[in-house]
Number of protein chains: 2
Amino acid sequence: MAKFRLDEVDHQILDILIDNTRTPFTDIAKKLQISAGTVHVRVKKMEEAGIITGSSLSIDYKKLGYAFIAYVGVFLQKTSQTKFVLERINEIPFVTVAHVTTGKFNIFCKIRAKDTEHAKQIIFELDDIEGVYRTETMISLEESLNDKKRLMHSIFKEL
Amino acid sequence: MAKFRLDEVDHQILDILIDNTRTPFTDIAKKLQISAGTVHVRVKKMEEAGIITGSSLSIDYKKLGYAFIAYVGVFLQKTSQTKFVLERINEIPFVTVAHVTTGKFNIFCKIRAKDTEHAKQIIFELDDIEGVYRTETMISLEESLNDKKRLMHSIFKEL
DNA sequence: GGTGAAAGCACCGAGTT
DNA sequence: AACTCGGTGCTTTCACC
C-alpha cells in the first residue's frame, strides 16, 4: 500500500467527522476556510487510502436493556486450537470483540449481555466450545470510554 | 426516562445506518417502502430518546502507524482509590477504554500504541499513578471484531 | 403517525486556474 | 491541488390524511 500522508486539513476534517459523520461538508468548508469541493475530495481520498473505513452509529445498549459488560479470558487445551475456537467464539453475537493474546489467557473477549443470568448463558456457551479448558470472567462495574478525539490529537501530533 | 419501544421499522433503519451513517434517507425510504420524511422523524425520535447517541467514523489506526493493542489489568493498593486512579487513567489519550471490574483486577483498560516501545511508556505511566500497586499486561496478537449487526439482530429478536 | 410535494441545501463531478 | 459552478439529488418541513 502506498504511504499516505495526512496534513493539517485532513486532521481537522477527521476531527469534525469523528464526532458527527453527518456534518455537512459545506459546514466543514466554512470552518476550515476551504471550498466544499475540497472537503469532498479529501474525504474521498482518505476513504480510498483505507484510513476512513466506514462510519457507524453509537447506540446506547443500556437503553435497550443490555447494560451488562464482562471480559472473559479463555484458556485453551492447546494453542493450535486457537483458530478453531476463535471462529466458534465469533459465532456468538453477544461477544463483541475477541483477541488472541499473550500473557495469562490464550483468547480474551468482551461480552455484552442483558443481566447476570444472560451472561452466565454466554459464558457457558464459551466454556462448551471444543478445546476450551476453562474461562475466567471479569465483570465491568463501570465503563469509561475515552474520547476518540483525544487519541486522534495525540496521533496527529506525532505524524 | 420514558420507556421507548422500537418497532420493526426502527430496527431496520438502525440496521442500515449502523453500517453506514451516511446512507441517504431516501434510499432507506425506498428499501422500507416508506417516505423519507418518516425515516427522518424516526431517526430524530431515536436520537431524542437517547438510543442513538451519535455517529462516528471508523478509522484504521494501523494505517496511521498505531497497530499495537494491549489490555492492562491494574491492581490498586486500596479500592477506595478507584475513582482517583480512573481519572488519572482517563487523562492518558492512548487508553481507549477503562473499566472498574470485579475479579482479578480492580481496573482494566485497553491501550492503543505505535509499538512495544510506545506501549512500555504508556504502561509505565499507568504504573506511576499514585495508588497503583502493579499492572499486568496482555498483548493482543490479533483482534477480531464481531459484526455490530449480529448483536443488534439478536437484541431485536428479544425486544 | 404517515404521506407527498416543495423549498432550501448539499453533494460531487467537470472544467479552469 | 484547489476553486467555482451547475445539475442532480437529499433533507426537512408542513398541510393534509
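In what follows, chains are A, B, ... by sequence order, proteins preceding strands, each numbered from 1.
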Self-check item: Under 3.5 Å donor-acceptor, A:R134 side chain and A:V74 backbone
Solution: no
Quiz item: So, does A:S56 use its side chain to make a donor-acceptor pair with the main chain of B:I18 at under 3.5 Å?
Solution: yes
Which whole-number value in Å describes the distance from [X] [atom1] to [N] [atom2]?
X	N	atom1	atom2	result
B:L6	C:dG1	CG	P	13 Å
B:I13	C:dG1	CD1	P	13 Å
B:I34	D:dC10	CD1	C1'	16 Å
B:D27	D:dT8	CG	P	18 Å
A:Q33	D:dC3	CD	C1'	14 Å
A:E48	C:dC12	CD	P	12 Å
A:I28	D:dC3	CD1	P	14 Å
A:K45	C:dC12	NZ	P	16 Å

Quiz item: If Ile, Leu, Val, Met, Phe, Trp and Tyr residues are connected whenever their side-chain heavy atoms lie under 4.5 Å apart, and connections chain through other members, are B:V100 and A:M138 in the same group?
Solution: no
Exercise. Spell out, yes or no, whether B:F105 and A:Y71 are grouped together once hydrophobic residues are joined by side-chain heavy atoms under 4.5 Å, including indirect joins.
Key: yes
Quiz prompt | Nucleotide nearest B:P24 when distance is taken to its side chain, options C:dC11, D:dC10, C:dT3 | solution = D:dC10
Quiz item: Which nucleotide, C:dA10, C:dG2, D:dT12, lies nearest any side-chain atom of B:T38?
Solution: C:dG2
Exercise. Just call it for A:T26: base, sugar-phosphate, or nothing, with non-hydrogen atoms closer than 4.0 Å on any strand.
Key: sugar-phosphate
Is [X] near enough to [N] that one of its side-chain N or O atoms lies under 4.0 angstrom from OP1 or OP2?
X	N	result
A:H40	C:dC12	yes
A:R22	D:dC10	no
B:R42	C:dG2	yes
B:K44	D:dT13	yes

Exercise. Please figure out whether A:F25 or B:A36 has its closest DNA chain C nucleotide nearer the 5' end.
Key: B:A36
Quiz prompt | Residue whose closest nucleotide on DNA chain D lies nearer the 5' end, A:S35 versus B:V41 | solution = A:S35
Enumerate donor-acceptor pairs with a distance under 3.5 Å from any side-chain N or O in residues 86-95 of chain B to protein atoms, sequence neighbours excluded.
{"from": "B:E87", "atom 1": "OE2", "to": "B:K83", "atom 2": "NZ", "distance (Å)": "3.2"}
{"from": "B:R88", "atom 1": "NE", "to": "B:E91", "atom 2": "OE1", "distance (Å)": "3.4"}
{"from": "B:R88", "atom 1": "NE", "to": "B:E91", "atom 2": "OE2", "distance (Å)": "3.4"}
{"from": "B:R88", "atom 1": "NH2", "to": "B:E91", "atom 2": "OE2", "distance (Å)": "3.0"}
{"from": "B:N90", "atom 1": "OD1", "to": "A:S144", "atom 2": "OG", "distance (Å)": "3.3"}
{"from": "B:N90", "atom 1": "ND2", "to": "A:S144", "atom 2": "OG", "distance (Å)": "2.7"}
{"from": "B:N90", "atom 1": "ND2", "to": "B:L86", "atom 2": "O", "distance (Å)": "3.4"}

